[in-house]
**Student:** 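Can you read through this structure? Questions will come right after.
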Amino acid sequence: MKRLIIFDLDGTLLNTIADLANATNYALSQLGFGMHPLESYPTFVGNGIRKLFERALPATCNSPEWVEKVRELFIPFYDAHNADDTSIYNGIQELLEELQKRGLRIAVASNKYQSATEKLMRHYFPNIVFDSVLGQRDGIPVKPDPSIVHSILCAADITATDTLYIGDSGVDMQTAKNAGIESIGVTWGFRPAEELKANGANHLVNSPKEILQYL
């Protein structure tokens, strides 16, 4: 039986895409660039905000300098508005409560920057106790590098064998593989099932309750 369940955040626990799109489009518009439709953003996200900005900027302007300019505008706007249109996916609250009831330990590993990760988890899941809530931090490589997962395992003193990793993207499946952890790809998130399969998902689920069969 698994002892620790690690979740991705965006596209797995929370549907954050509208607020990410709104903040990015705000920054782009302030800099004089065109904005993108909401449906473009699921393919932009997943590798941290700097990669999001690179994908959203025109190809001729995705230099580190322009990425930083977008970041300077994005961060304060997103910090103020990151819960405007974000929502919990159906069945996630009940799943987390069931895991907690069973005595399983729960953690979050996200490529969203740390302060926003912590804020969203406090806002949407105030009654769930998480072992670790880790986002992107300076000096720590983003997923699919397994460093963030190794930090969670070390803090929990639990082995990879006793852990399950759950996410919605190829990046998540690669992260699990790089950490030597069994993975579940969820089909309600930002990326298609084909991407999850192609990146080594051990299992696919169409609803949160299906996760319980893999514990």
Side-chain angles (χ1 to χ4, degrees), residues 1-17 20 42-43 45-48 86-112 117 120-121 124-125 128-136 141-215:
M1 181 174 176
K2 300 301 182 182
R3 299 171 56 205
L4 172 65
I5 315 300
I6 301 176
F7 289 92
D8 170 55
L9 177 56
D10 299 76
T12 302
L13 297 177
L14 297 176
N15 185 353
T16 57
I17 202 68
L20 289 167
T43 61
V45 301
N47 297 85
T86 288
S87 60
I88 305 173
Y89 285 108
N90 289 338
I92 286 294
Q93 182 67 41
E94 294 80 2
L95 171 65
L96 295 178
E97 290 173 356
E98 179 63 22
L99 295 176
Q100 189 167 262
K101 179 180 177 181
R102 295 187 185 194
L104 293 168
R105 297 165 74 174
I106 314 169
V108 169
S110 177
N111 273 345
K112 186 187 294 294
T117 299
L120 288 173
M121 296 307 295
Y124 287 99
F125 304 108
I128 302 298
V129 177
F130 291 90
D131 257 46
S132 298
V133 173
L134 295 185
Q136 191 277 320
V142 297
K143 299 182 298 184
D145 186 283
S147 296
I148 188 171
V149 173
H150 291 159
S151 295
I152 292 171
L153 296 179
C154 183
D157 193 23
I158 291 178
T159 66
T161 303
D162 293 328
T163 303
L164 194 62
Y165 184 100
I166 300 168
D168 74 303
S169 71
V171 168
D172 290 310
M173 301 304 99
Q174 293 170 22
T175 303
K177 185 185 299 185
N178 292 341
I181 292 176
E182 185 178 357
S183 63
I184 294 179
V186 306
T187 61
W188 58 79
F190 300 158
R191 300 297 177 88
E194 292 74 18
E195 178 178 316
L196 300 171
K197 293 177 184 177
N199 285 277
N202 296 119
H203 314 285
L204 292 180
V205 297
N206 299 312
S207 68
K209 67 181 180 181
E210 293 179 44
I211 292 169
L212 296 173
Q213 67 185 298
Y214 297 108
L215 301 181

**Student:** Assess the residue pair Leu99 and Leu212 against the criterion (side-chain contact (heavy atoms from CB on, under 4.5 Å)); give the C-alpha distance rounded to whole Å, side-chain angles, the decisive distance to 0.1 Å, and a yes or no.
**Tutor:** CA-CA 8 Å; Leu99 295 176; Leu212 296 173; 4.1 Å; yes

**Student:** Looking only at non-hydrogen atoms, find the nearest pair between Pro42 and Arg191 and report the distance.
**Tutor:**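 Where Pro42 meets Arg191 most closely, the heavy atoms are O-NE, 2.7 Å.
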
**Student:** Looking at every heavy atom in both Pro144 and Asn178, which two are closest together, and how far apart are they?
**Tutor:**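 Taking every non-hydrogen atom into account, O-ND2, 2.8 Å.
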
**Student:** Testing the basics here: between Ile181 and Ala160, what is the closest heavy-atom pair and its distance to 0.1 Å?
**Tutor:**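 So the two residues come closest at CG1-CB, 3.8 Å.
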
**Student:** Please give me the minimum heavy-atom distance between Trp188 and Thr12, naming the atom from each residue.
**Tutor:**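 Trp188 and Thr12 have their closest heavy atoms at NE1-O, 3.0 Å.
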
**Student:** Nearest heavy-atom pair of Ile152 and Ser132: which atoms, and what distance?
**Tutor:**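 Minimum heavy-atom contact is CG1-CB, 4.0 Å.
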
**Student:** Between Lys101 and Glu97, does any NZ, NE, NH1 or NH2 come within less than 4.0 Å of an OD or OE carboxylate oxygen?
**Tutor:**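 So Glu97 does not pair with Lys101 through a salt bridge.
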
**Student:** Kindly give the heavy-atom pair with the smallest separation between Glu182 and Asn202, and that separation in Å.
**Tutor:**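 Closest approach of Glu182 to Asn202, heavy atoms only: CA-OD1, 3.3 Å.
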
**Student:** side-chain contact (heavy atoms from CB on, under 4.5 Å) for Lys177 and Ser183? Distances and angles first, verdict last.
**Tutor:** CA-CA 8 Å; Lys177 185 185 299 185; Ser183 63; over 6 Å; no

**Student:** Hey, are Thr175 and Asp172 close enough side-chain-wise for a donor-acceptor pair under 3.5 Å?
**Tutor:**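 The criterion, which ignores hydrogens and geometry beyond distance, is not satisfied for Thr175 and Asp172.
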
**Student:** What class does the angle between the rings of Phe125 and Phe130 fall in, given that below 30° is parallel, 30 to 60° is tilted and above 60° is perpendicular?
**Tutor:**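 Ring orientation of Phe125 relative to Phe130: perpendicular.
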
**Student:** Can you confirm whether the side chains of Asn206 and Thr187 place a donor and an acceptor under 3.5 Å from each other?
**Tutor:**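 Judged by distance alone, the side chains do pair up.
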
